[in-house]
Amino acid sequence: MTETFYVTTPIYYVNGAPHIGHAYTSIAADVVARWKRLQGRDVFFLTGTDEHGQKVEKAAQDAGLEPQAFTDRIAAEFEAMAATCGISNDDFIRTTEPRHKAACAALWSKLVESGDIYLGHYEGWYAVRDEAFYAEDELATNVHGVRVAPTGAPVEWVREPSYFFRLSAWQDRLLAFYEAHPDFIAPHAQHREVLSFVRGGLNDLSVSRTSFRWGVEVPGDPDHVMYVWLDALTNYITAAGYPDESAERWRFWPANLHMVGKDIIRFHAVYWPAFLMAAGLPVTHRVSANGWWTVEGEKMSKSIGNVIEPAALIAEFGLDPVRFFFLREMPYGNDGDFSRKALISRLNIDLANDLGNLAQRSLSMIARNCGGRLPSMPGAPAHADQAILDHARDLVTLVGTAIDRQAFHEALEEVWRVIRAGNGYIDHQAPWALKKIDETRMGEVLRVLAEVIRIVATVLQPFMPESMGRMLDQLGVQPDARSLAVLALPMADGTLLPPPHGIFPRFVAEAVC
RNA sequence: GGCGGCGUAGCUCAGCGGUAGAGCAGGAGAAUCAUAAUCUCUUGGUCGGCGGUUCAAAUCCGUCCGCCGCUACCA
């Protein structure tokens, strides 16, 4: 039986339109999903939208719509974003779907049965304007003698009934879990922050609200709706069929990887494993947090007005260059900066000059000097032939281990070392000179290059599916021969190749007036 | 306040105990198959400051300076 692999994006909160932060996380998860498929794994890749909560209720009101109509609209935008970004998700889950509400209710009942949910009271200083509770020591008294939050909003003492999750009881078991699974939280800095947070002690978590209605109703107590994070996190098991553990998709649980933004690491690394353990379910293997994108060195925000929409970006530069840029430019565990200059530089130098041109110069020589047929491999490979072939073949392992650590930029850097070596190889071997003195050797050199490009294009498919598909087309590699396993087999000598066409045109900036 | 991260060539970063590295940018040369793309060589750093440990420190320890993150709900 084929080994399964279950990878998720976060479900995106529908209180605003998709931006490059959402697109980035989805593309990163997509690369993992596509890589695992290339490895031959049985992959389930999930994305979707988180549609409940007071903020959504309010955003709907502001838009003059019923919450469901509002979320239908925004959810459609996120589905469109997935399509625009070439996301290969196997399902798209919305938390307003009946299957999800059923899963939430089932999980809730399970947690009640296990004694991990109890009814109590939530009370504290609440600022209506901020929709947030504040601790006593955060408050100040203003000139009118009114108690106010740090934001200046007046607060009032609120006491409402609430269900609680007995999170405090899970501290030791969580710490034991982290110890037993040192790779559960990535990157390392996030791991430490979570650990320090849990070591600092955990309070029971309020998991229901009575102050608004837009949520999943608590079973047996319709005055309450579930806390949005309990609702939201459950999506990962809903899509696997929960509570039906005989469901066809249940074989994918536990998930292998939740890709998330660094702002929601805690929910995934603390609450989620606690909920799962309390429900007697196995815990996801790994939660990996990515950083933020700044734009031209500045924080991306609506007020600055520098929010970048993925669709516009892709329309201008093309999908694959944008995917490549995101994954190459964001160093694992850090924030990344988005700038037009950097994007154009990556497109022209890395894609057009290095990779595109390597393929074009190699393939056009085969087209013109070998009758467009793939020449034979060297009978006795020269040292230089063997060196670059070995280097290229190592990519399968190097890229694979980097992707397993979500170190996408390292994976790409490894591939580019081979591409640069390819350009060095062709220059040193100078097949255009060999043409006049040793046509057999010229053919061998071109075949080595074809082999290297084939490996490069194969391992880059998850990053740039469409353009690498075209590159493999030009190498005469059949669509069913593009997995990592097939790389072990040589291409067929004499294969007739289609005429080569440039894959990555240079981006020429419009003339500045 | 507590916990943690970062500070290395103009820029983005790797190295984390043993004669300072990569990519990009800059300079010189070569080549001409190719999307005027490529290749080779090269300029450039007292590795934030100061002290300590060590035969030897970007690399370990202390301290100071400067950024940044987390400290219960925006990817």
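Remember, predicted model here, so these are calculated numbers, not experimental data. Letters A, B, ... mirror the listed sequences (proteins, then strands); counts begin at 1.
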Peer 1: Distance check, C1' atoms only: B/A31 and B/U40, in whole angstrom units.
Peer 2: 10 Å

Peer 1: Strictly below 4.0 Å: does A/R420 bring a side-chain N or O up to OP1 or OP2 of B/A22?
Peer 2: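 Looking at the OP1 and OP2 atoms of B/A22, neither is under 4.0 Å from any side-chain N or O of A/R420.
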
Peer 1: Do NZ/NE/NH1/NH2 and the carboxylate oxygens of A/R286 and A/D404 come within less than 4.0 Å?
Peer 2: no

Peer 1: Return whichever of A/E413 or A/H19 has its heavy-atom-nearest nucleotide of RNA chain B closer to the 5' end.
Peer 2: A/E413

Peer 1: Ignoring backbone atoms, establish whether A/K55 has a side-chain N or O less than 4.0 Å from OP1 or OP2 of B/C74.
Peer 2: yes

Peer 1: Could you tell me how far B/A9 sits from B/C65 if I compare only their P atoms? Round to whole Å.
Peer 2: 23 Å

Peer 1: Among the candidates B/U38, B/C73, B/A72, find the nucleotide nearest to the side-chain atoms of A/R209.
Peer 2: B/C73

Peer 1: Given B/C3, B/A72, B/A25, identify the nucleotide with an atom nearest to the side chain of A/R266.
Peer 2: B/A72

Peer 1: Determine the interatomic distance between C1' on B/G23 and the same-named atom on B/A57; round to the nearest Å.
Peer 2: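 Between the two C1' atoms, the distance is 27 Å.
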
Peer 1: In terms of side-chain heavy atoms, does A/H224 have a donor or acceptor partner in A/T210 at a distance below 3.5 Å?
Peer 2: no

Peer 1: Please state the P separation for the pair B/C70 and B/G62 - nearest whole angstrom.
Peer 2: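 Pairwise P distance, B/C70 against B/G62, rounds to 25 Å.
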
Peer 1: Is the phosphate of B/A37, meaning OP1 or OP2, less than 4.0 Å from a side-chain N or O of A/N423?
Peer 2: no

Peer 1: Which part of the nucleic acid, if any, lies within reach of A/G356 when heavy atoms closer than 4.0 Å are counted: base, sugar-phosphate only, or nothing?
Peer 2: base

Peer 1: Quick one: classify the glycosidic conformation of B/A37 as syn or anti, with syn meaning within 90° of 0.
Peer 2: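 Base orientation relative to the sugar is anti.
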
Peer 1: So if I apply the side chain to side chain contact (heavy atoms under 4.5 Å, CB included) rule between A/Y227 and each of A/F165, A/Y163, A/Y271, which one comes out positive?
Peer 2: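 Of A/F165, A/Y163, A/Y271, side chain to side chain contact (heavy atoms under 4.5 Å, CB included) with A/Y227 is met by A/Y271 alone.
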
Peer 1: Side-chain donor or acceptor of A/E193 under 3.5 Å from a matching atom on the base of B/G69?
Peer 2: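 Per atom types, the contact qualifies.
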
Peer 1: Using the P atom on both, measure B/C61 against B/G18 and round to a whole Å.
Peer 2: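 Their P atoms lie roughly 15 Å apart.
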
Peer 1: Could you work out the separation of B/G66 and B/A22 based on their C1' atoms and round it to a whole Å?
Peer 2: 27 Å

Peer 1: On a whole-Å scale, what distance lies between the P atoms belonging to B/C39 and B/U32?
Peer 2: 16 Å

Peer 1: If only atom types and distance count, is the side chain of A/E444 paired as donor or acceptor with the main-chain N or O of A/S376 below 3.5 Å?
Peer 2: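 The answer is no, because no donor-acceptor pair under 3.5 Å joins these two groups.
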
Peer 1: Ignoring the backbone of A/H428, work out which of B/C33, B/U40, B/C70 is nearest its side chain.
Peer 2: B/U40

Peer 1: Does A/Y13 reach a base, just sugar-phosphate, or nothing at all? Heavy atoms under 4.0 Å.
Peer 2: nothing

Peer 1: Between A/T25 and A/T9, is any side-chain donor less than 3.5 angstrom from a side-chain acceptor?
Peer 2: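 On atom types as modelled, these side chains do not qualify, holding no pair under 3.5 Å.
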
Peer 1: Nearest heavy atom decides the nucleotide; on that basis, is A/N290 or A/F504 closer to the 5' end of RNA chain B?
Peer 2: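 This one resolves to A/F504.
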
Peer 1: Starting the side chain at C-beta, find the nucleotide from B/A34, B/C24, B/U35 nearest to A/I349.
Peer 2: B/C24

Peer 1: Tell me if the side-chain of A/N357 makes a donor-acceptor pair with the base of B/A34, cut-off 3.5 Å, by modelled atom types.
Peer 2: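 Checked by distance alone, the answer is yes.
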
Peer 1: On a whole-Å scale, what distance lies between the C1' atoms belonging to B/G17 and B/U59?
Peer 2: 6 Å

Peer 1: Which nucleotide wins on minimum distance to the side chain of A/R506, given the candidates B/G4, B/C33, B/A37?
Peer 2: B/A37

Peer 1: Starting at the 5' end of RNA chain B, what dot-bracket string do you get if Watson-Crick and G-U pairs under 3.5 Å are bracketed, crossing pairs use [ ], other-strand pairs use | and unpaired bases use dots?
Peer 2: ((((((((.[[[[.)..(..]]]].(((((.......))))).....[[[[[..)....]]]]])))))))....

Peer 1: Is there a donor in the side chain of A/H19 and an acceptor in the side chain of A/W293, or the other way round, less than 3.5 Å apart?
Peer 2: no

Peer 1: Measuring only between side-chain heavy atoms, which start at C-beta, is A/T84 closer than 4.5 Å to A/L319?
Peer 2: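 A/T84 does not reach A/L319 side chain to side chain.
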
Peer 1: Would A/D183 and A/R405 pass as an ion pair if we require N to O under 4.0 Å?
Peer 2: no

Peer 1: Given B/A72, B/C74, B/C33, which nucleotide is nearest the side-chain atoms of A/W432?
Peer 2: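 Among B/A72, B/C74, B/C33, the one nearest the side chain of A/W432 is B/C33.
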
Peer 1: Quick check for you: among B/U35, B/A72, B/U38, whose closest atom lies nearest to any side-chain atom of A/A352?
Peer 2: B/U35

Peer 1: In sequence, state the C-alpha distance, the side-chain angles, and the governing distance for A/M471 and A/S467, and then conclude on side-chain contact (heavy atoms from CB on, under 4.5 Å).
Peer 2: CA-CA 6 Å; A/M471 194 168 280; A/S467 41; over 6 Å; no

